[in-house]
A.B. asks: 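Below is the structure I would like to discuss, written out as structure tokens.
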Amino acid sequence: MLSCRRLILSYSYFPSNRISSLLITRYNSSSIDISNILQEHSFNFEKKSSTTIAYETFVQTPSEFVANSLLQIHDSLNLPWWATIALATITFRVIVGASITILQQRFIERLQIVRRTVKNELEPRVKILNIQAMKGKTATVLEEKKNLQRDALQLTKRGYSELNVHPGKLLILALFGSIPWLYFTFGIRMICTSPITHPTISQEGILWFQNLAEADPYGILPLGFLIHSLIGISFNAVEKPGLINPRLITAGRIQRGITRTVVIGFTLIAFKLPAGILLFWTLNSILQLSQTIIFELPRIRNMLGLQPSRFGSQPIRLRWTLWKNKWSFFFRTLKWYSKL
């Protein structure tokens, strides 16, 4: 682990490392012996606690790598900082976000195959059970119901094993998608607070946020992040009637409620964060929403080898219709209660 840590440090220490050598030579005329720096880091590493080592290895070091990568893009392409962050965000969304979304879609398809297999195999027994219930055979029905539940669990586990899939892996994929997002956030924060990069990032903004190291003066970026995130959650919340298990609907509502709470919490924090971070957050939420819509199109799904959308040949229009009808019903009900 020590040698691995030394290797990571040699490529990701911000700002005095090999990747940032261009920055060092620009702002510091004295020569720096990289080997002495690495030796000093290795000596300090051996004296640190395991908690500090874990933090630096899994949080600080990847964030420094992101900061140095953004710095290289900024210097090599001679872009202003707002364009550097925008380009990095688009690259992140296309490579990381699209890959995770495709994997999630394929996991969901395999989970649906397992559910259909279990349903088709147990459906004749369920029909017999309903007939027995109508005849009043309560004891037989209760016993058969327990057997059905046990058999359904065994068939589900066997299906998961055969297809190498499990609902918990979807959670891991979602977590894996949020970790790089945090690294990007910490990396941009390092650039905004570093005394070396602060003079440039404070002058290379755009529109109303010319200083990317300070908070958005009008709060437009946090609101943009909030609006697009909530629209994305609502878009994914639309379900076609009659195709989803009621238990899954309840679980989905709980998950969406938690996600909305997290988004609102991040938005409240965002009003105090540097505009550089908010530019990444807002642009990423816009691209994520666009990506979700694009991946629903039949031509795109066919090109990626995914099964057709459960909303048919016009998924966007059908989602919009269902969403509009849902809110129309809500407002009609609210109007009816107001007249009572």
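Please read all numbers here as calculations on a predicted model, not as lab measurements.
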A.B. asks: I need the minimum non-hydrogen distance between A215 and F271, along with the two atoms involved.
C.D. replies: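 Scanning both residues completely, I find the closest heavy atoms to be CB-O, 3.5 Å.
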
A.B. asks: So do L79 and L87 actually touch side chain to side chain, heavy atoms under 4.5 Å?
C.D. replies: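 Side chain of L87 against side chain of L79, heavy atoms only: contact under 4.5 Å found.
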
A.B. asks: Under 3.5 Å, is there a donor-acceptor pair between the side chain of N284 and the main chain of F280?
C.D. replies: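 Checked: no pair found.
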
A.B. asks: Looking at R317, I want to see if its CZ is surrounded by more than 12 non-hydrogen atoms of other residues, nucleotides or ligands under 6.0 Å.
C.D. replies: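 No, CZ of R317 has 12 or fewer neighbouring heavy atoms, counting only those of other groups under 6.0 Å.
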
A.B. asks: Regarding W281 and T185, do their side chains bring together a donor and an acceptor under 3.5 Å, going by distance alone?
C.D. replies: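 Yes - a donor-acceptor pair under 3.5 Å links their side chains.
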
A.B. asks: Write out all pairs satisfying salt bridge (Lys or Arg N to Asp or Glu O under 4.0 Å) with one or both partners inside residues 90-114, taking only residues at least two apart or from two chains.
C.D. replies: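 Output for this query lists E109-R301.
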
A.B. asks: Give the C-alpha distance, both sets of side-chain angles, the deciding distance and a yes or no for side-chain contact (heavy atoms from CB on, under 4.5 Å) between F225 and F266.
C.D. replies: CA-CA 9 Å; F225 165 73; F266 271 105; 4.1 Å; yes

A.B. asks: Check this for me: W208, atom CH2, are more than 12 non-hydrogen atoms of other residues, nucleotides or ligands nearer than 6.0 Å?
C.D. replies: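 Atom CH2 in W208 is crowded, with more than 12 foreign heavy atoms closer than 6.0 Å.
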
A.B. asks: Say whether, by atom type as modelled, one donor and one acceptor occur between the side chain of H198 and the main chain of S194 under 3.5 angstrom.
C.D. replies: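 Side chain of H198 to backbone of S194: no pair is present.
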
A.B. asks: Return the set of residues passing salt bridge (Lys or Arg N to Asp or Glu O under 4.0 Å) with R319 (not counting sequence neighbours), or none when no residue passes.
C.D. replies: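 With neighbours one apart ignored, the set is E296.
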
A.B. asks: Could you give me the CA-CA distance, side-chain angles and deciding distance for M190 and S63, then say whether side-chain contact (heavy atoms from CB on, under 4.5 Å) is met?
C.D. replies: CA-CA 8 Å; M190 287 180 179; S63 302; 3.7 Å; yes

A.B. asks: Heavy atoms, side chains only, cut-off 4.5 Å: are N211 and Q203 in contact?
C.D. replies: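 Side chain of N211 against side chain of Q203, heavy atoms only: no contact under 4.5 Å found.
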
A.B. asks: Please check if the side chain of T282 supplies one atom and the backbone of L221 the other of a donor-acceptor pair under 3.5 Å.
C.D. replies: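 Side chain of T282 to backbone of L221, a donor-acceptor pair under 3.5 Å: yes, one is there.
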
A.B. asks: Find out whether L278 and D216 are in side-chain contact, i.e. whether some heavy atom of one side chain is under 4.5 Å from a heavy atom of the other.
C.D. replies: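 Not in contact.
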
A.B. asks: Test: ring pair (Phe, Tyr, Trp, His ring centres under 6.0 Å). Region: residues 93-112. Which pairs qualify, not counting sequence neighbours?
C.D. replies: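 Listed once each, the pairs would be none.
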
A.B. asks: Side chains of I316 and F235: closer than 4.5 Å at any heavy-atom pair?
C.D. replies: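 Yes, side chains in contact.
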
A.B. asks: Do side-chain atoms of E204 reach the backbone of P80 as a donor and acceptor pair under 3.5 angstrom?
C.D. replies: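 Such a contact is absent between E204 side chain and P80 backbone.
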
A.B. asks: Under 6.0 Å from the CG atom of N78, do we count more than 12 heavy atoms belonging to anything else shown?
C.D. replies: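 No, not enclosed.
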
A.B. asks: Just by distance, with hydrogens left out, do Q291 and T101 show a side-chain donor and acceptor under 3.5 Å apart?
C.D. replies: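 Looking only at side-chain atoms, T101 and Q291 do form a donor-acceptor pair, the distance falling under 3.5 Å.
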
A.B. asks: Could you give me the CA-CA distance, side-chain angles and deciding distance for L212 and I201, then say whether side-chain contact (heavy atoms from CB on, under 4.5 Å) is met?
C.D. replies: CA-CA 6 Å; L212 294 174; I201 198 169; 3.7 Å; yes

A.B. asks: Linking I/L/V/M/F/W/Y whenever their side-chain heavy atoms sit closer than 4.5 Å, directly or via other members, would I293 and L306 fall into one cluster?
C.D. replies: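 Cluster IDs for I293 and L306 match.
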
A.B. asks: Quick check: do L70 and W81 have side-chain heavy atoms less than 4.5 Å from each other?
C.D. replies: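 Yes, their side chains come closer than 4.5 Å.
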
A.B. asks: Run I85 and F184 through side-chain contact (heavy atoms from CB on, under 4.5 Å) and show every step you take.
C.D. replies: CA-CA 10 Å; I85 295 174; F184 259 83; over 6 Å; no

